[in-house]
Protein chains: 2
Amino acid sequence: MRVREDAILSAVNRLLADKGFDLMTVDQVAADVGIAKASLYKHFASKEALAAAAMVRLLQCAMGVIQEQSTRSGVRPIQRLEALVRWAVTVQLAGEMPSLPSQNSSLRAELLAHKGYIDLLIQVSERLGEWIVQAQAEGDIDPALPSEVALYSVYARACDPVPGFLKASGQHEAEQIVEWVVSICLNGLRGPQR
Amino acid sequence: MRVREDAILSAVNRLLADKGFDLMTVDQVAADVGIAKASLYKHFASKEALAAAAMVRLLQCAMGVIQEQSTRSGVRPIQRLEALVRWAVTVQLAGEMPSLPSQNSSLRAELLAHKGYIDLLIQVSERLGEWIVQAQAEGDIDPALPSEVALYSVYARACDPVPGFLKASGQHEAEQIVEWVVSICLNGLRGPQR
DNA sequence: GTCTATAGCCAGATAGAC
DNA sequence: GTCTATCTGGCTATAGAC
């Protein structure tokens, strides 16, 4: 059932964003959805599969943002990148960005074996890579930087602890926090002042 | 016994850097040190206490770097900050930076109750805060940025996934990776070009 | 303070009826 | 596909001898 699985993934997404993979329990997922744990396992083979499916959904959202930015005309590549970074930071600040530990080996294995996930990840990386190279040609990203470095720097905004800390301090508006984090990111990639 | 506890904390530090708090097991710590698990609990009351002690040791190292930088004369505040960021990134890249999940509640509670930890954290934050304000006065950090934002951005370099990813790609030297990450961080804080 | 042995708990996963 | 009930294993922490 498609609707049921969507509800499951929403719960997984929320729990991953809230507690992370290691502290998320399948019992909690089942409780949040309102079904028995055994029923969950009829839809997804393992806890790792749950996380993988949530990550696929996230990457699909990212591709949506990328597609949307691609249709804008008369826009510099750096502005498309900025829009994607802003989206990522906004989602994270809203507590809706699932976070996976890069350390967990069973999870890594499952993710690397998940064709849908890998394919999407490659797609996203290639699209962003193009924008980065173009932005370097226009001088908006330091041409001395390998595009790989810029790509990882963009990806890292999805798990940046800074927005969360600033939000927890309670002294700033969410929109303001997003602007700071986005501009710090892009200014960092722009390179030294001349 | 002081030597024994130092060996324990070294093992904890290594395991925290390698697997993180949730995946680190007390059994592994005991095995690494070469003693029985029950003996471990004679030195530290809980797994959380182990992590807290490791974090205190890390903050002491950070204070050491700060003190050392304070003695340098004729050096701009931004250069002192740069040295600290470089130290953090280097430690992290060497796989010696313990990482704690900001989500785990039992751990957070124990850390916040640990006076030695909190005091050190405040000390470090105040010292770095001074440098940041001075760097803003000299135009090396965007004066429009609350110093708090810059402080968190510096702290975040200790758990930045970018150096690890770049190292895993195997295409770059560690020194080169450190320089990229450090300069991206400082350029980001410098603000927009004029 | 060190050990062996074990208590107690909890989480992932499964069995089997409906 | 959903449920209740249970298995299984691993983990934190402790008991108790030496």
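In what follows, every chain begins at residue 1, and chains take the letters A, B, ... in the order their sequences are listed. Keep in mind that this is a model prediction, so the values were computed, not measured.
Between the side chains of S169(A) and Y152(B), no donor-acceptor pair is found at a separation under 3.5 Å.
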Review point. Can Y41(A) and S46(A) be said to form a side chain to side chain donor-acceptor pair (under 3.5 Å), step by step?
Key: CA-CA 7 Å; Y41(A) 279 95; S46(A) 67; over 6 Å; no
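Residues of residues 10-25 of chain A that place a heavy atom closer than 4.0 Å to DNA chain D do not occur.
Of the possible donor and acceptor atoms, one in the side chain of N187(B) sits under 3.5 Å from a partner among the backbone N and O of S183(B). No donor-acceptor distance shorter than 3.5 angstrom exists from the side chain of K37(B) to the backbone of A31(B), with no hydrogens or angles considered. Side-chain N or O atoms of Q134(B) include none that pairs as donor or acceptor with a backbone N or O of P77(B) at under 3.5 Å. Side chain of K167(A) to main chain of E173(A): no donor-acceptor pair is present (N/O by atom type, distance under 3.5 Å, no hydrogens or angles). Judged by distance alone, with hydrogens and angles left aside, the side-chain atoms of Q136(B) form a donor-acceptor pair with the main-chain N or O of D142(B) at under 3.5 Å.
Atom-to-atom, CZ of F44(A) to C1' of dT14(C) comes out at 18 Å; the value is rounded to the nearest Å. The distance from atom NZ of K37(B) to atom C1' of dG8(C) is 12 Å, rounded to the nearest whole Å. As a whole-Å value, the separation of L40(A) CG from dA11(C) P is 15 Å. The OH atom of Y41(B) sits 16 Å away from the C1' atom of dT4(C) (whole-angstrom rounding). Atom-to-atom, CD1 of I35(B) to P of dT4(C) comes out at 12 Å; the value is rounded to the nearest Å.
Nearest-nucleotide positions on DNA chain C place K42(B) closer to the 5' end than the other of K42(B) and S46(A).
Taking every nucleotide of DNA chain D with any atom under 4.0 Å from a non-hydrogen atom of chain A, the first and last of them, 5' to 3', are dG1(D) to dT4(D).
D140(B) pairs in a salt bridge (Lys or Arg N to Asp or Glu O under 4.0 Å) with only one of the listed residues (R190(B), R76(B), R80(B)), which is R76(B).
The side chain to side chain contact (heavy atoms under 4.5 Å, CB included) search around A53(B) returns L9(B), F44(B), not counting sequence neighbours.
Pairs of residues two or more places apart, or lying in two chains, that qualify as salt bridge (charged side-chain N to carboxylate O under 4.0 Å, His left out) and include a residue from residues 144-164 of chain B are R157(B)-D160(B).
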Residues 61-70 of chain B, side-chain donor-acceptor partners within the protein, below 3.5 Å, at least two apart:
residue: Q69(B); atom: OE1; partner: R72(B); partner atom: NH1; Å: 2.6
residue: S70(B); atom: OG; partner: I66(B); partner atom: O; Å: 2.9
residue: S70(B); atom: OG; partner: R127(B); partner atom: NH2; Å: 2.8

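Fit an axis to the five pairs at each end of the helix from dG1(C)-dC18(D) to dC18(C)-dG1(D) and the two axes sit 20° apart, to the nearest 10 degrees.
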